[in-house]
Amino acid sequence: MGEQTIQQRELERKRELLLQQQRQRIIQSKKKKDSQNTKQTEEKIKKLRRVYRMSNASSAASVFGIIITFLIMNAQLIFGNILGFKKIPKLTLPEIAILILIDFLVLIITLFIVLLLVLAAMPLIGPVAAVNIFGTEIVSFIQSMF
């Protein structure tokens, strides 16, 4: 009986060793798969960065392209840099600086257009309402133009 229990214990130890080895193999294969997945996602992100930059550069050749580039770069800034989406590439520091300048110019141009529209509409609302709303200086400026 003593020999059978020793043999059974040795068999159990061998089984435990085999199970541990199998577990280690499974863990190592999972680690390899994880590392391959991260490498694949990094490569995809690099490809997307190239595609975004090439689309930005190529579409900037026309007026419509400039508008599309402006919108894409703003989306990249918001979703890539600020919100940190992994699939959208982040803008580099020089690109962010250029985008901020362009955003500022678009804001100034938009405000200028709104100001011109307001100044163009003032003669249509009548002199009394214009004086009440916009002041005498603006009315004198418009009268001097006509």
Side-chain angles (χ1 to χ4, degrees), residues 7-146:
Q7 287 176 351
Q8 287 175 349
R9 287 180 189 167
E10 286 180 14
L11 284 174
E12 287 178 18
R13 287 180 191 162
K14 287 182 181 179
R15 286 180 191 157
E16 287 179 21
L17 286 173
L18 287 173
L19 285 173
Q20 287 177 354
Q21 289 174 351
Q22 287 177 348
R23 288 179 191 146
Q24 288 176 353
R25 287 182 195 143
I26 291 171
I27 290 170
Q28 288 175 353
S29 67
K30 286 182 180 180
K31 287 181 181 178
K32 286 181 183 178
K33 287 180 183 178
D34 289 342
S35 65
Q36 288 174 349
N37 287 341
T38 56
K39 288 179 183 177
Q40 289 174 351
T41 54
E42 288 175 0
E43 289 175 5
K44 288 179 182 179
I45 289 172
K46 287 180 183 178
K47 287 179 183 178
L48 281 174
R49 281 186 183 152
R50 281 189 230 125
V51 168
Y52 277 124
R53 288 195 177 119
M54 294 202 47
S55 68
N56 286 347
S58 63
S59 66
S62 67
V63 174
F64 181 73
I66 290 172
I67 294 169
I68 296 298
T69 303
F70 175 74
L71 294 175
I72 288 174
M73 288 181 75
N74 276 309
Q76 280 182 269
L77 179 69
I78 293 169
F79 295 115
N81 290 57
I82 296 172
L83 297 178
F85 288 180
K86 292 182 180 179
K87 292 192 176 185
I88 298 179
K90 294 181 178 182
L91 293 176
T92 61
L93 191 61
E95 290 173 332
I96 292 173
I98 291 169
L99 186 62
I100 288 172
L101 288 174
I102 292 172
D103 285 343
F104 182 71
L105 286 174
V106 168
L107 176 70
I108 297 297
I109 290 169
T110 305
L111 291 175
F112 185 71
I113 289 172
V114 168
L115 177 66
L116 288 178
L117 290 174
V118 167
L119 290 175
M122 281 181 35
L124 300 175
I125 62 173
V128 175
V131 169
N132 289 335
I133 295 173
F134 300 108
T136 57
E137 293 82 14
I138 296 174
V139 172
S140 65
F141 174 74
I142 291 175
Q143 289 176 350
S144 68
M145 290 175 58
F146 296 104

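The heavy-atom pair separating E95 from M73 by the smallest distance is O-CE, 4.0 Å.
Summarising the geometry, atom CD belonging to Q76 is positioned 10.0 Å from atom OG1 belonging to T69; distances are rounded to the nearest 0.5 Å. Remark: I78 CD1 to F85 CZ distance equals 10.5 Å, nearest 0.5 Å. In this structure, CG in L91 is found 11.0 Å from CD1 in I72, a value given to the nearest 0.5 Å. The CG atom of L107 lies 4.5 Å from the CG atom of L111; values are rounded to the nearest 0.5 Å. Note that CG of L18 and CZ of R23 are 11.0 Å apart. Values are rounded to the nearest 0.5 Å. Rounding to the nearest 0.5 angstrom, the gap separating the OG1 atom in T92 from the CG atom in L99 is 10.5 Å.
Environment of CZ in F79: sparse, with no more than 12 heavy atoms of neighbouring residues, nucleotides or ligands closer than 6.0 Å.
Under the side-chain contact (heavy atoms from CB on, under 4.5 Å) test applied with L19, the options Q22, E16, Q21 reduce to a single match, Q22.
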